[in-house]
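Every number for a ligand or one of its atoms is a count from 1 in the order of the listing. The figures here come from the full heavy-atom set of this structure, side chains too, leaving out hydrogens, waters and symmetry mates. Please read all numbers here as calculations on a predicted model, not as lab measurements.
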Amino acid sequence: MEKYSIRGGKKLYGEVTISGAKNAAVAIIPATVLVDGPCRIENVPKISDVTSLLMIMRELGANVKLINDTTIEIDCSKIRSTKAPYELIRKIRASYYLIGSLLGRFHCAEVGMPGGCDFGVRPIDQHVKGFQSLGAKVDIKNGFIHCSAENGLTAANIYLDVVSVGATINIMLASVLANGQTVIENAAKEPHIVDVANFLNSMGADVKGAGTDVIKVRGVPTLKGGSYAIIPDQIEAGTYAAAVTAAGGDILIKNVIPKHLECITAKLAEMGAVIEEYDDSVRVKRDGPINRVNIKTLPYPGFPTDMHPQLVTALCVANGTSIITEGVWENRYRYVDELKRMGAKIQVDGKVAIVEGVEKLTGAPVRAWDLRAGAAMVIAGLIAHGVTEVEDIIYIERGYEDIVEKLTQLGADIKRVEYPDEEEVREAL
Ligand code: EPZ
């Protein structure tokens, strides 16, 4: 087993290059099922969620080629299986995009119920509502979601009860080859939604309005192959911006779309960071005190829920008391107990956390409860006095490419260390 060992107290200086967006990649890869020809995808992040998805695509019969570190080619023209393997599906939540793409192309899909980070209940009722509106029969049994549309799929007007990234994307995927024009109202507007729509259009689809709350999908007979480059990861970039705001220093974050970061950098500036925006990079520095702030997480362009653990960590050593309200997930505060081990003063009541700034955090052994909670533990290790060891790094490496190497490049004292897992301990007894 591996964990991270981080000696805190070092400021961050230098440059970091952001990888392709995880939440775009994990939707675009399944979306290739809709395409009757080779899709060349560039700027794919080297993360385990992508690896898991590529294994699933191969199991379905897709021809998957790794062109280089960040470029893949997927050809689904010969796919015939519409049943995704249960054991692989459970690993990641985004596997549910295979339902929309298999249903959209073959009018049939059998996909295991999704796994993914545990923030309490993670329903898929809006996805099901969309598929049924398009004419599919949906059953959930034996741990699988069974969808079928013997008479094909017909366009519909779908009004989402909840602003849902997953449901918006899944309904887009299911409707690109359907008869007529589908309208998705109350759609999510995240940058990765726009990226999926742009990918589909580059393959011959007709999707309009992505990035607004009304998306119109006019069905086309078929999608042909093509090539596409994934946008930079807004949350990875935000995580490095939060890290330097917490630790202090001065870094240049390269390969970003500054507009996508505004919802994050605006809050970091309130906290005392100095932000300079360039065409495809953002400079973030902090050498004064960290100011207390209030945060409410909301769908884009609100403050992203996937950035809340990282900022709470920085606020643990701010001047004053901050209030965080989680407006998207039921319970995203499991990481708070880990911060308390390090001396943080945080009270959680339902969706609200009150963070009382303390003079310092102290290093401790902590766990990564989920992907962004893991990133928060790394940031806590960067600012704590002493050594912090972060276990369960498998979660972190699902979504952060080369995080140890990138932080080391910025001057952090972080390394991967081996430690015996329970199996090895038992064998040694
Ligand atoms: C995506 O999850 C992201 N994951 C999450 O990022 C992110 O936190 C979330 O969007 C919100 O931005 C991927 O893109 C793979 P939702 P998703 O459907 O699509 C409720 C990360 O760290 N809801 O937008 O699963 C739901 O309970 C991950 O990268 C329903 O009620 O989120 C939640 O309260 C963690 N019914 C809200 O909507 C549904 O059918 C938003 O969920 C679907 C969702």
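Using a 4.0 Å cut-off to heavy atoms of Y96, the atoms of ligand 1 that qualify are 17 (P), 19 (O), 25 (O). Of all atoms in ligand 1, listed by their number and element, those nearer than 4.0 Å to a heavy atom of G166 are 18 (O), 19 (O). Interface atoms of ligand 1 facing H127, defined by a heavy-atom separation under 4.0 Å, are 40 (O). Near Q126, the atoms of ligand 1 lying under 4.0 angstrom from a non-hydrogen atom of the residue are 36 (N), 39 (C), 40 (O).
For atom 24 (O) of ligand 1, the choice among T305, D233, V165 with the nearest heavy atom turns out to be V165. The nearest non-hydrogen atom to atom 36 (N) of ligand 1, considering only D125, I124, D49, comes from D125.
Under 4.0 Å from ligand 1, the heavy atoms of R372 that appear belong solely to its side chain. For V328, heavy-atom contacts with ligand 1 shorter than 4.0 Å involve the backbone as well as the side chain. By the criterion of a heavy-atom distance under 4.0 Å, the side chain of K22, and not its backbone, is placed next to ligand 1.
Heavy atoms from other residues, nucleotides or ligands lying under 6.0 Å from CD of E418 number more than 12. Other residues, nucleotides and ligands place no more than 12 heavy atoms under 6.0 Å from the NZ atom of K345.
Not a single heavy atom of Y395 sits under 4.0 Å from any atom of ligand 1. Note on ligand 1: A167 sits outside its first shell, no heavy atom being nearer than 4.0 Å.
In terms of polar-atom proximity, V162 is not counted as a contact of ligand 1, lacking any N or O under 3.5 Å from an N or O of the ligand. Checked by distance only, ligand 1 and H192 stay at 3.5 Å or farther apart across all their nitrogen or oxygen atoms.
Side-chain contact, D49 with S52: no donor N or O sits under 3.5 Å from an acceptor N or O. T297 and E326 share a side-chain donor-acceptor pair at under 3.5 Å. Under the 3.5 Å distance criterion, with hydrogens and angles disregarded, a donor-acceptor pair is assigned to the side chains of Y400 and R372.
The pair D306-R332 meets the salt-bridge criterion, since a charged nitrogen lies less than 4.0 angstrom from a carboxylate oxygen.
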* Asked: Can K129 and D161 be said to form a salt bridge (Lys or Arg N to Asp or Glu O under 4.0 Å), step by step?
  -> CA-CA 10 Å; K129 169 178 168 175; D161 305 326; 2.8 Å; yes
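A tilted orientation is assigned to the rings of Y96 and H127, their planes being inclined by 30° to 60°.
For H308 and F303, the ring centers are positioned 6.0 Å apart or more.
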